Amino acid sequence: MKREELADFIIKNLVFLVIFIVFCFSITEHLLAPKFQDFQEEKNQLRHAQFFQAKTQKQNEQIQSQIQDLKIQNQSHLNTLQKKVTFAKLQTIARDFFSDPLIKKEKTESQGAFIEVFFRIEGKSNGTKAIFDFMTKIKTMIPNATLILPLEIEKKDPLTNSLNISFLVKIIQLKNAE
Amino acid sequence: MKFSFISPNRKFFLSAIAQSWVACFIASTLVVAMIWFLLDWQIERFLQYSNQIQQQIKQEQSHQNALNEQLSFIQLQIQKIQEAQQQNTSLTSAIQNLFDLIPEQITINSISLTDQSLIIKGITPSKELYTFLLDPSLKAIFAQSRVNFFILPSGWYNFVSVNKITSNSGAQQ
């Protein structure tokens, strides 16, 4: 009898064991495995998103730093674009090099965010050197100013060195210059 | 009438072995369910956090666009000033070189310089002086160059020199 009971015990346990293994395998494959895969995917996506956010932040910091550097290195030049150049300022500079300088605003042209103001400068000097000295002075005081043709030089009195000089100066400014 | 000398034993629906195994099945099912819900909850958290980060990324990208615009504008301003200074340097240098071409013996009464032409009026002691000293230099620079001479009572010559960058049909004197 004992032998039969033992055999019965072993066989029943084996059967249950097999069923248990199949059961565990099934629920692991059909329930846990896909869920775990979803978990991994979401975790990877989150990691990528965090990496991308950190990268974007770093890029923004670099661009901000670049902007600051440019502003510091070119502060005076950038400031000149934001300030309107007045007749008085040009007159003051021109008086150092020409006699009776006459400044006239010829025209204003719009170029996107910038405007170009053209001034005609007429005056008298004792030689052509005054033109170059004037432009050298303009370069330092108004770096956004450019000498523009036509340039006209005329000697009215052949007995003297006095020249009548006329030329254009173009000044670039921002539209919202003050 | 009794058919047995002993009283009947109680019999359960499931044997002891079966009860043990059923308990095993239930326990493992509970463990699996717990793991499943844990994973599900974590996935939800990941999704929420992901959405927050996506929002922040959008804000950062929008900020980056604004910064890039600002950077481009500053670079454009710097470029404009550099162009202005370069133009100044080139033009003053060209004008200086032009004045340097004129020999001392020739007196200039007027110069009119435009983007396309140069007109010089002056006085020269002789036509040959102009032809040998000034004319070759002007012809080297301008596509078209012609000069007219007008004799003065003193024997010197008034001249009008017209020089153009683009060549047109015309007689050259």
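Atom set for the values below is all heavy atoms of this structure, side chains included, hydrogens, waters and symmetry mates excluded. Note on naming: letters A, B, ... go to the chains in the order of the sequence lines (proteins, then strands), and numbering restarts at 1 for each one. None of the values given here were measured: they were computed from a predicted structure.
- Going from atom CG of B:Leu39 over to atom CG of A:Leu31 covers 11.0 Å, rounded to the nearest 0.5 Å.
- Between A:Phe167 atom CZ and B:Leu91 atom CG the span is 10.5 Å, to the nearest 0.5 Å.
- The cluster map of Ile, Leu, Val, Met, Phe, Trp and Tyr, joined by side-chain heavy atoms under 4.5 Å apart, puts A:Ile115 and A:Ile148 in different clusters.
- By the rule that hydrophobic residues join a cluster once side-chain heavy atoms approach within less than 4.5 Å of another member, A:Ile11 and A:Phe20 end up as members of one cluster.
- Under the ring-ring contact (aromatic ring centres under 6.0 Å, His included) criterion, A:Phe23 pairs with B:Phe25, sequence neighbours left out.
- Residues A:Phe119 and A:Leu149 are members of one and the same hydrophobic cluster, defined by side-chain heavy-atom contacts under 4.5 angstrom among Ile, Leu, Val, Met, Phe, Trp and Tyr.
- If you measure heavy-atom distances from B:Ala18 to chain A, the contacts under 4.5 Å come from both the backbone and the side chain.
- A distance of 5.0 Å separates CZ of A:Phe9 from CD1 of B:Ile17, quoted to the nearest 0.5 Å.
- Summarising the hydrophobic clusters (Ile, Leu, Val, Met, Phe, Trp, Tyr; side-chain heavy atoms under 4.5 Å, direct or chained), the residues clustered with B:Leu76 are A:Leu81, A:Phe114, A:Ile172, A:Leu174, B:Phe73, B:Ile81.
- Contact of A:Phe132 with chain B is made through the side chain alone, with heavy-atom distances under 4.5 Å.
- Two residues are said to be in side-chain contact when any heavy atoms from C-beta on lie closer than 4.5 Å; A:Leu32 and B:Ile35 meet this criterion.
- Heavy-atom minimum distance, B:Ala84 versus A:Pro143: CB-O, 4.1 Å.
- Residue B:Ile111 is grouped with residue B:Ile165 when hydrophobic side chains (ILVMFWY) are merged at heavy-atom distances under 4.5 angstrom, including chains of intermediate members.
- Using a 4.5 Å heavy-atom cutoff, the side chains of B:Phe99 and A:Ile153 are in contact.
- Looking at A:Leu163, there are no atoms closer than 4.5 Å to chain B (heavy atoms on both sides), in backbone or side chain.
- Following chains of ILVMFWY side-chain contacts shorter than 4.5 Å, one cannot reach A:Val18 starting from A:Ile10, and the two form parts of different hydrophobic clusters.
- Here the CG-CG distance, from B:Leu47 to A:Leu46, works out to 9.5 Å after rounding to the nearest 0.5 Å.
- When heavy atoms are compared at a cutoff of 4.5 Å, B:Leu67 approaches chain A by way of both its backbone and its side chain.
- Proximity to chain A (any heavy atom under 4.5 Å) is shown, for B:Ile95, by both the backbone and the side chain.
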Are there donor-acceptor pairs under 3.5 Å across chain A and chain B? List atom names and distances.
from	atom 1	to	atom 2	distance (Å)
A:Asn13	OD1	B:Trp21	NE1	2.8
A:Lys35	NZ	B:Asp40	OD1	2.6
A:Gln53	NE2	B:Gln56	OE1	2.4
A:Gln59	OE1	B:Gln64	NE2	3.0
A:Asn60	OD1	B:Gln64	NE2	3.0
A:Asn60	ND2	B:Glu60	O	3.1
A:Asn60	ND2	B:Glu60	OE1	2.7
A:Lys139	NZ	B:Thr89	OG1	3.4
A:Ala145	O	B:Asn88	ND2	2.7
A:Leu147	N	B:Asn88	OD1	2.7
A:Leu151	N	B:Leu113	O	2.8
A:Leu151	O	B:Leu113	N	2.8
A:Ile153	N	B:Ile111	O	2.8
A:Ile153	O	B:Ile111	N	2.7
A:Lys155	N	B:Asn109	O	2.6

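- Not counting sequence neighbours, the partners of B:Phe46 by the ring-ring contact (aromatic ring centres under 6.0 Å, His included) test are A:Phe39.
- Annotation: maximal heavy-atom pairing with chain A below 4.5 Å, among B:Ile108, B:Val32, B:Leu118, B:Leu113, occurs at B:Leu113.
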